[in-house]
Novice: 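A single structure is presented below for examination.
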Amino acid sequence: MSMRSSTRNRKTLAVASMSAAFILALTGCGSDNDGKAKEENAAPPSSAASTPETESTGSDTVAQQDTAAGENVDTSVRLAEIRGQAGVVMIVNQVQRDSGGFVTVQAEVKNEGDKPANPAQWAGSESVIVRQNLSSVGGATLVDKVGKKRYYVLRDTDGRCLCTTKIKPLQPGDSTVVFMQFPSPPSTTTEVDFSVPTFATTSLKISG
């Protein structure tokens, strides 16, 4: 190979290398600009996503279900014993009014019969409650006879109740703890009638 041919080849390689480096540099700049453009065009996070709602979201309902049932409740306390169908008994342990404007009823349900107990009927017949709260105690009510007003279990905007849900069938001898949360009657109301579908109605005194 001649000296002139070798020099020409080196120049060609140098030009090709510079061109490739320049193309890579442009590609990198384009990626950075595309990334910045995407970031600039992306919608900022909404306040609803960053600030959780307090009472109307499904996550809050679940959190209350996880923590409310059986919390600080003495199951040996028997405020009332309510007979249901086929040997099922509900023992009310607590009826508490709190500062948030709620009344929470906590109870234990026992199957003292000889056949499995199906909790599906305890949700009542209201379509939204039944659809969104399978095998729940969402059909419970409180009645203020003095104020002549009926109170239903609280629910969120999707119809999910603030109560125990997904209760498994109770085999003979089994028991489970349940809770139901209602709007609070006026502070002057200290006694209400409590009902759950398939159970007898009983009178309960409100604490707090």
Side-chain angles (χ1 to χ4, degrees), residues 46-49 51-71 73 80 82-98 100-113 115-145 147-172 174-185 192-202 204 206:
S46 65
S47 58
T51 305
E53 296 178 8
T54 56
E55 295 175 2
S56 62
T57 64
S59 60
D60 285 343
T61 303
V62 171
Q64 292 200 39
Q65 289 174 0
D66 288 343
T67 59
E71 182 180 5
V73 174
I82 313 167
R83 291 284 168 178
Q85 295 178 346
V88 178
V89 179
M90 179 178 292
I91 301 166
V92 179
N93 309 119
Q94 186 180 78
V95 184
Q96 183 70 40
R97 191 198 313 266
D98 62 37
F102 308 124
V103 168
T104 303
V105 177
Q106 308 232 39
E108 183 180 17
V109 182
K110 295 183 178 181
N111 182 2
E112 297 180 352
K115 295 180 180 179
N118 185 357
Q121 293 180 311
W122 305 343
S125 58
E126 187 180 349
S127 59
V128 173
I129 289 292
V130 173
R131 184 172 61 253
Q132 297 289 2
N133 306 277
L134 296 176
S135 299
S136 72
V137 284
T141 61
L142 297 180
V143 175
D144 176 4
K145 290 189 294 185
K148 297 181 180 180
K149 189 171 183 179
R150 185 184 302 272
Y151 296 88
Y152 295 88
V153 173
L154 288 166
R155 64 195 74 176
D156 66 15
T157 54
D158 294 322
R160 290 186 287 261
C161 71
L162 272 70
C163 67
T164 304
T165 63
K166 299 180 181 178
I167 305 169
K168 296 180 180 179
L170 296 180
Q171 300 301 319
D174 285 355
S175 65
T176 187
V177 175
V178 297
F179 87 100
M180 298 134 275
Q181 200 164 53
F182 304 87
S184 177
V192 290
D193 282 351
F194 172 66
S195 298
V196 177
T198 75
F199 289 87
T201 298
T202 191
L204 298 176
I206 302 175

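Given the structure is predicted, the values throughout are model-derived calculations rather than measurements. Residue numbers run from 1 in the order of the sequence given.
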Novice: Taking it one step at a time, do Trp122 and Val109 satisfy side chain to side chain contact (heavy atoms under 4.5 Å, CB included)?
Specialist: CA-CA 11 Å; Trp122 305 343; Val109 182; 3.6 Å; yes
Novice: Calculate, to the nearest 0.5 Å, the distance between atoms OG1 and CZ belonging to Thr141 and Arg150 respectively.
Specialist: 5.0 Å
Novice: For the residue pair Pro183 and Leu154, what are the closest heavy atoms and their distance?
Specialist: CG-CD2, 3.6 Å
Novice: So Val153 and Phe182, do their side chains get closer than 4.5 Å, heavy atoms only?
Specialist: yes
Novice: Determine whether a donor-acceptor pair (N or O, by modelled atom type, separation under 3.5 Å) exists between the side chain of Asp98 and the backbone of Gly100.
Specialist: yes
Novice: Going from CE on Met90 to NZ on Lys110, what distance comes out if it is rounded to the nearest 0.5 angstrom?
Specialist: 13.0 Å
Novice: Between Gln132 and Arg155, is there a side-chain heavy-atom distance shorter than 4.5 Å?
Specialist: no
Novice: Can a donor-acceptor pair be found, under 3.5 Å and without considering hydrogens, that links the side chain of Asn133 to the backbone of Cys161?
Specialist: yes
Novice: State, with a plain yes or no, whether a side-chain heavy atom of Glu112 is found less than 4.5 Å away from one of Arg83.
Specialist: yes
Novice: Hey, are the side chains of Val178 and Ile167 touching, using non-hydrogen atoms and a 4.5 Å cut-off?
Specialist: yes
Novice: From Ile206 CD1 over to Gln96 CD, what is the distance, rounded to the nearest 0.5 angstrom?
Specialist: 10.0 Å
Novice: Once you round to the nearest 0.5 Å, how far does CD of Gln94 lie from CG of Leu204?
Specialist: 12.0 Å
Novice: Quick check: do Val103 and Pro185 have side-chain heavy atoms less than 4.5 Å from each other?
Specialist: yes
Novice: Are side-chain heavy atoms of Ser175 and Leu170 found at a separation under 4.5 Å?
Specialist: no
Novice: So, do Asp144 and Leu142 sit near enough that their side-chain heavy atoms are less than 4.5 Å apart?
Specialist: no
Novice: Hey, what do you get for OG1 (Thr198) to CG (Asn118), rounding to the nearest 0.5 Å?
Specialist: 10.0 Å
Novice: Between Ile82 and Phe194, is a side chain to side chain contact (heavy atoms under 4.5 Å, CB included) present by the stated rule, with each step listed?
Specialist: CA-CA 10 Å; Ile82 313 167; Phe194 172 66; 3.7 Å; yes
Novice: Is any side-chain heavy atom of Lys166 less than 4.5 Å from a side-chain heavy atom of Leu134?
Specialist: no
